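Below is one structure, written out as structure tokens; comments come after it.
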Amino acid sequence: MCIAVPARVLSVDGLVAEVERYGERLQVSLLLLDQPVAEGDHLILQAQRYAVEKLDAAAAADAYRLFDQVIGRPTDPGP
Amino acid sequence: MNATFPVLPELRIAYQVTRDRVTAVEISKPDLDGACAVLLGLPAQDAVDRLHPLFGLCGIAQTVAGLAAAETILGLDPPLAVQQVRHRLTLAEALEQTLWRLLLTLPPLIGKPPAVDAMAALRRTIAAVRATVAEGCPWRRLGGGADLDPGGRGREAAANAALAPLLDALEERVQLAVLGPACTWGQDLGDSDSFILWASAGASGTARLCRAILVRDLGGFGRSPVRPLASETVLTVAANRLLADRNGRFRAKPEDIDGAPRETGAWARHWQHPLCAGLAADHGNGVLARLAAVLVDLAALLAALRAPALGAPAPAPPSPWACRRPQPMAAGTVVAAVETARGTLLHLVGLQAGRVCLYRALAPTDWNGHPQGPLARGLLGAATTPPTDWACASGLLLALIDPCHPARLVRESAHAQLAPRPTGVPASMSMSMDQSMDQ
């Protein structure tokens, strides 16, 4: 299943952004996004190369909370 | 399964080469049970609401699977109009993912640039389709907002009228971007003869890709004896084994009743189509036939988006993209199956007093990443030196199997032991030539 960890924008240079997610830094294309992107925005990536969705601050905070919880949580014990 | 959840999961395909042939393949799949575990204890609606943020790229299919399972347990019956909205949104998502593969992933494998501008334009059209389909519909709500009366069939008819011109535009743009000017699915993709003519002279990037596969004699690369996953298996064998799968073994190596792996995805949906069967007869079910299956899938998706309302008589034969009814299992437990671009997705959901007590998912890559599944079997025995263009051929096979995660092919020393990865990826599997003498 495709996991959708958001990435935080560190900088923007034209149609390329440098982003960070859980310590990993990537350069991604903004060509597929119709919205303007700025430092501090949060993006969903596909193929680790293209930004495909921009999250608002609340949605990004919710997503990070969810993934933080996922990382620290024990897994399915079964019925 | 009990590993640390990998935040950035990756499919790792390690292979060994002896005398210029692949002699062993090991596939390490990420264990994503941790993502499902976060849903335990939540009220059903809250759990469903978290599926899209968790699994964003196929988030609609995941949400629809979770909704269908939970609604069946709760005895909620969403209006047909809402079911239609969910189905069309799932189809639109699958269409976008399929186009992504054709326009962005595959062209660089033959040295061509990805068709980013075409993909961006198509994404805008698909976004307009989605917005029209979903306008005013509480489709994410358990029960589909039946309590709010979303408008029933009248609303559906209005949406269909607004949708028709958008679907016309979408079909025209997809045809132009994928097939090229003056080409149509029926005329150019009806059988293998017309396909070869189109591939030989077509002006689109996809036609050039097919041409490159033929010129480089790679059409048969990636052939595999793995049989397609049958739709009747999904809600019988697979559903029961998923329910019994407390330790994750089935999810790590899903198999059919005969103990053999199965393939899911475009090839499994269309292997009997005259074009796919014809190409397979000439080249085997390698990358050329699989690419043709993706093109047939695209046409099937466009047709399914236009299909009449749910509840109307189903076409014969039924579309592989038709909805399936969820399958009640043990008390308070239901399995729902949803078709996605990459294959069949299963969600097993258990509710107790309205809260999630069990959540397991079986993703397409669980089937296709099996140690003796189509990816491993397709690589095993393959030549890795000229005249075979290994980088191109292996990349094509990987892209056409299309794992759910970023995937990496890694050549290991012939003397290395292909052993399970140490952390985060316990579903590690391997096979060698000794295990596949029947190939």
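For the numbers below, each heavy atom of this structure counts, side chains included, while hydrogens, waters and symmetry mates do not. Computed from a prediction, not measured in an experiment: that's the story for all the values here. Proteins get letters first, then strands, A, B, ... in listed order; numbering begins at 1 in each.
The minimum heavy-atom distance linking A/Ala4 with B/Phe55 is given by the pair CB-C, 4.3 Å. Minimum interatomic distance between B/Pro53 and A/Leu66 (heavy atoms only, all atoms of both residues): CB-CD2, 4.0 Å. In terms of heavy-atom proximity, B/Leu54 sits nearest to A/Phe67 at O-CZ, 3.7 Å. When all heavy atoms of B/Arg123 and A/Val52 are compared, the pair lying nearest together is NH2-O, 2.8 Å.
Contacts of A/Gln46 with chain B are made by both backbone and side-chain atoms, with heavy-atom separations under 4.5 Å. Contact annotation for A/Leu55: neither backbone nor side-chain heavy atoms come within less than 4.5 Å of a heavy atom of chain B. Residue contact with chain B, scored on non-hydrogen atoms closer than 4.5 Å, involves the side chain of A/Ile44 exclusively. In this structure, chain A has a heavy atom under 4.5 Å from the side chain of B/Gln97, while its backbone stays farther away. Interface remark: A/Arg21 contributes backbone and side-chain atoms alike to the contact with chain B (heavy atom separation under 4.5 Å).
The environment of B/Gln352 atom CD is sparse: at most 12 non-hydrogen atoms of other residues, nucleotides or ligands sit within 6.0 angstrom. Within a 6.0 Å sphere centred on CG of B/Asp117, heavy atoms belonging to other residues, nucleotides or ligands number 12 at most. Atom CZ of B/Arg241 has more than 12 neighbouring heavy atoms from other residues, nucleotides or ligands inside a 6.0 Å radius. Within a 6.0 Å radius of CG in A/Asp56, other residues, nucleotides and ligands contribute more than 12 heavy atoms.
Atom CZ of A/Arg49 is separated from atom OG1 of B/Thr105 by 8.0 Å, given to the nearest 0.5 angstrom. In this structure, CD in B/Glu10 is found 7.5 Å from CD in A/Gln48, a value given to the nearest 0.5 Å. Interatomic distance, B/Arg124 CZ to A/Asp34 CG, rounded to the nearest 0.5 Å: 5.0 Å.
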